[in-house]
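Nothing fancy with the numbering, it's 1 onward along the sequence.
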Amino acid sequence: MPLAPATPSAAFSAAAPIRSIDDVRRLEARPLAEALTVRSTYEIFRNSAAAFGDKPALTFLRTGNPADAPLRWSYAQLLAGIHQTANALHALGVGPQDAVAVLLPGCLEYHLALWGGEAAGIVQPLNPLLTDEKLVSLMNAARAKVLIAWGNDDESGMWSKAMRIRGQVPTLVQVLRVSPLDEAAPPPLPEGVADFAAVRAAQPADRLVSGRDIAPADIAAYFHTGGTTGAPKLARHSHGAQVFTAWAGVQLTGLGPQDITINGYPLFHVAGVLPASLASLSAGVEVIIPTTALMRNKEVLAGYWRLVDRYKPTSLSAVPTVLAALANVPLDGADISSIRYCRTGAAVLPPELGQRFERQFGLHVHESLGMTEMAGISTITPPGVVGPAGCVGFRLPYSQLRIVALDAQGGASDRDVAPGETGMVLFKSPNLFSGFLDEKDTAKAFTPDGWLATGDLGWLDGDERLNLTGRSKDLIIRSGHNIDPKTIEDALGAHPAVQLTAAVGAPDAYAGELPVVFATLVPGAQATPEELLAFAAERVDEAPARPKAVYLVDHMPMTNVGKIFKPELRQMATCRVADALIAQAAERLGVPAAERPTAQPEGEAGVRVAVPAGAQAGALRAALEASLGALPAKVRIEGP
């Protein structure tokens, strides 16, 4: 039977500001079963619609031009669309165990697919940058029953991909085509394909026809977390885990109906779906979608501060590489005083970037830690809590956090370390995922006594805040897109002449990081960097993940336990980038080769450039301060 009507008071709201671990513990004094009674993401949207009604929930920007009129959906309209979507999927035979795959760019309809998909079955957001083969593999692993896809090829060739792969997924019974913005009428569609808007319009908008009573343990979503070789890894999220993420996010950040946020994260990624969307929409926040291309839209990036001036968001959330790109965008008189909370995650914030952001814009960057295995969020630095770079804040209420020493293989041991000592970060929490589809992958994710082994390295400070020193996956973040270096390393490692590979991010003024890969050769073997670059590019699915350079080295830097030491490689990559920019500046100025400096490592992560004396020394230094200063890296220039 349908659930009883929600009351306005059921929307999530913060109990009190969180400024310390004692504030977190005060929340925990009340049993979780009393503090959080919402059972599903569907219930969240029913509660929000009842509480906020005609208030804007989603605002879609057609372009990056602040003068262009946006499209808006209210909370009531959003719930109506979720009902119609869930009912349409139910009519197609989708039940609680069936997957609904989604291949869409940033758009309003993505939220119907997400939350309507979870109300009817299990939603499976897909990364549109993956190859056909990978998409087919993921959909077959999930036994997808319906695919909701964007109706043209303007964004990553989505429609052509959908048409090519639909015949390769035996469980698929229907493709639903989402009409691109301002399309006059949908074109004739082949058998097995229907118009998403038309099938929605035929359904009731005020209830779930199925009468489904969703339990907290029911699976809500499958998220792809890896599987670049072999079987894909699909993480299962329960409704209860996603609901807890939303509730905890509201408690620690103080989100409420007075807030507005720009969500530039991809909606196939947990960060965009859960902390940036579900938490906001559970508390009455207006969520802005900045065009179909999101933060990959150069117009959005170049005009970001003007968009802030126009829409008055109260928070800014972006990965460090996007923050680095924004740091290169001048305010030009834009009023950004509406922003009260600036937040980042996905990678440790470079100290110099945090300092630069605070210096230029008056915004302290608060760091958080999130992961797919914890429904998108693990720790949060709340507004008003100022920490050093690398400090990712407090654990969530009702969660447990341990730091343990590494074993001989670099994994988690069973020995807890003292406060202030670095080790691997482990969690238990109400928002832990329900395991991978493949039980063998699940077993590897947990310690024998049931703790999630994150692979992240960190330590606890005197305020019980988690501070990260590195990430085991060493993700490369290119314009907000997460690139697993193993994708590149596996591709290049398949070359018969290659012995060892290690991919890292090289600093880039626009993208934040670009993937490059270091390699050693088998003794006696020969191969050129150009040959290896072409070999790797052919074997990497996603275009953004294809390496921009291959650097051959005689030996890889190693840790004392025999692991490749990537911080040194990143420093080497920064030197190579700096040398290329030095050469460009010197050539423009006609500086002789003998008077050109070279970049040298400095400290653990920095680079030093000493400009030698010469007729053009002053002009060269000024040029280098402009070009090297735009890099999201610590570069010190000295000389006349």
Side-chain angles (χ1 to χ4, degrees), residues 129-131 133-134 137 226-233 406 408-411 444 455 470-478 481-508 511 513-584 593 598-601 604-605 607 633:
L129 299 176
L130 294 176
T131 62
E133 181 183 15
K134 181 63 66 179
S137 176
T228 54
T229 59
K233 290 172 64 177
L406 301 182
Q409 290 74 43
K444 297 174 186 175
R471 294 175 64 86
S472 63
K473 291 183 179 179
D474 285 318
L475 290 178
I476 300 164
I477 316 294
R478 178 179 182 176
H481 181 75
N482 287 0
I483 298 170
D484 188 339
K486 192 173 185 295
T487 306
I488 303 167
E489 292 159 357
D490 288 348
L492 184 57
H495 193 286
V498 171
Q499 180 162 309
L500 292 175
T501 66
V504 298
D508 181 77
E513 288 183 327
L514 292 174
V516 299
V517 58
F518 289 83
T520 61
L521 298 181
V522 174
Q526 292 185 340
T528 66
E530 294 78 13
E531 171 191 347
L532 297 176
L533 185 64
F535 181 89
E538 290 177 356
R539 289 160 176 80
V540 174
D541 285 348
E542 301 177 56
R546 291 169 191 152
K548 305 298 287 186
V550 173
Y551 301 132
L552 292 176
V553 293
D554 292 332
H555 303 285
M556 289 285 185
M558 295 284 186
T559 68
N560 57 5
V561 295
K563 294 182 129 185
I564 295 174
F565 188 56
K566 286 193 172 181
E568 185 173 333
L569 291 178
R570 281 191 283 270
Q571 189 175 42
M572 291 165 61
T574 301
C575 286
R576 306 247 185 167
V577 171
D579 283 338
L581 292 173
I582 291 168
Q584 291 173 12
T598 58
Q600 300 295 324
E604 293 184 357
V607 170

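Aromatic ring orientation, F518 versus Y551: tilted (interplanar angle from 30° to 60°).
Atom CD of E531 has more than 12 neighbouring heavy atoms from other residues, nucleotides or ligands inside a 6.0 Å radius.
Distance CD/E542 to CZ/R478: 11.0 Å, rounded to 0.5 Å. Between the CG atom of D579 and the CD atom of Q584 there is a distance of 11.5 Å, given to the nearest 0.5 Å. Distance check: I476 CD1 to I488 CD1 gives 4.5 Å after rounding to the nearest 0.5 Å. Distance check: T501 OG1 to M556 CE gives 6.0 Å after rounding to the nearest 0.5 Å. To the nearest 0.5 Å, the span separating CG on D508 from CD on E513 amounts to 9.5 Å. Going from atom CD of Q526 over to atom OG1 of T528 covers 10.0 Å, rounded to the nearest 0.5 Å.
Smallest separation of non-hydrogen atoms from A549 and L533: N-CD1, 3.8 Å. Between A506 and A573, the shortest heavy-atom distance links the atoms CB-CB, 4.1 Å. Closest approach of L492 and A519 over heavy atoms only: CD2-CB, 4.0 Å. Scanning all heavy atoms of the two residues, the minimum distance from P544 to L129 falls at CG-CD1, 3.7 Å.
Counting only distance, with no hydrogens or angles, the side chain of T520 and the backbone of L500 share a donor-acceptor pair below 3.5 Å. For T574 (side chain) and R570 (main-chain N/O), a donor-acceptor pair under 3.5 Å exists by modelled atom type. Side-chain N or O atoms of K566 include none that pairs as donor or acceptor with a backbone N or O of P557 at under 3.5 Å.
At least one side-chain heavy atom of V553 sits under 4.5 Å from a side-chain heavy atom of M572. Using a 4.5 Å cut-off on side-chain heavy atoms (C-beta onward), P496 and V522 make no contact. Two residues are said to be in side-chain contact when any heavy atoms from C-beta on lie closer than 4.5 Å; L521 and L532 meet this criterion. You'll find the side chain of P601 reaches within 4.5 Å of the side chain of C575, heavy atoms only.
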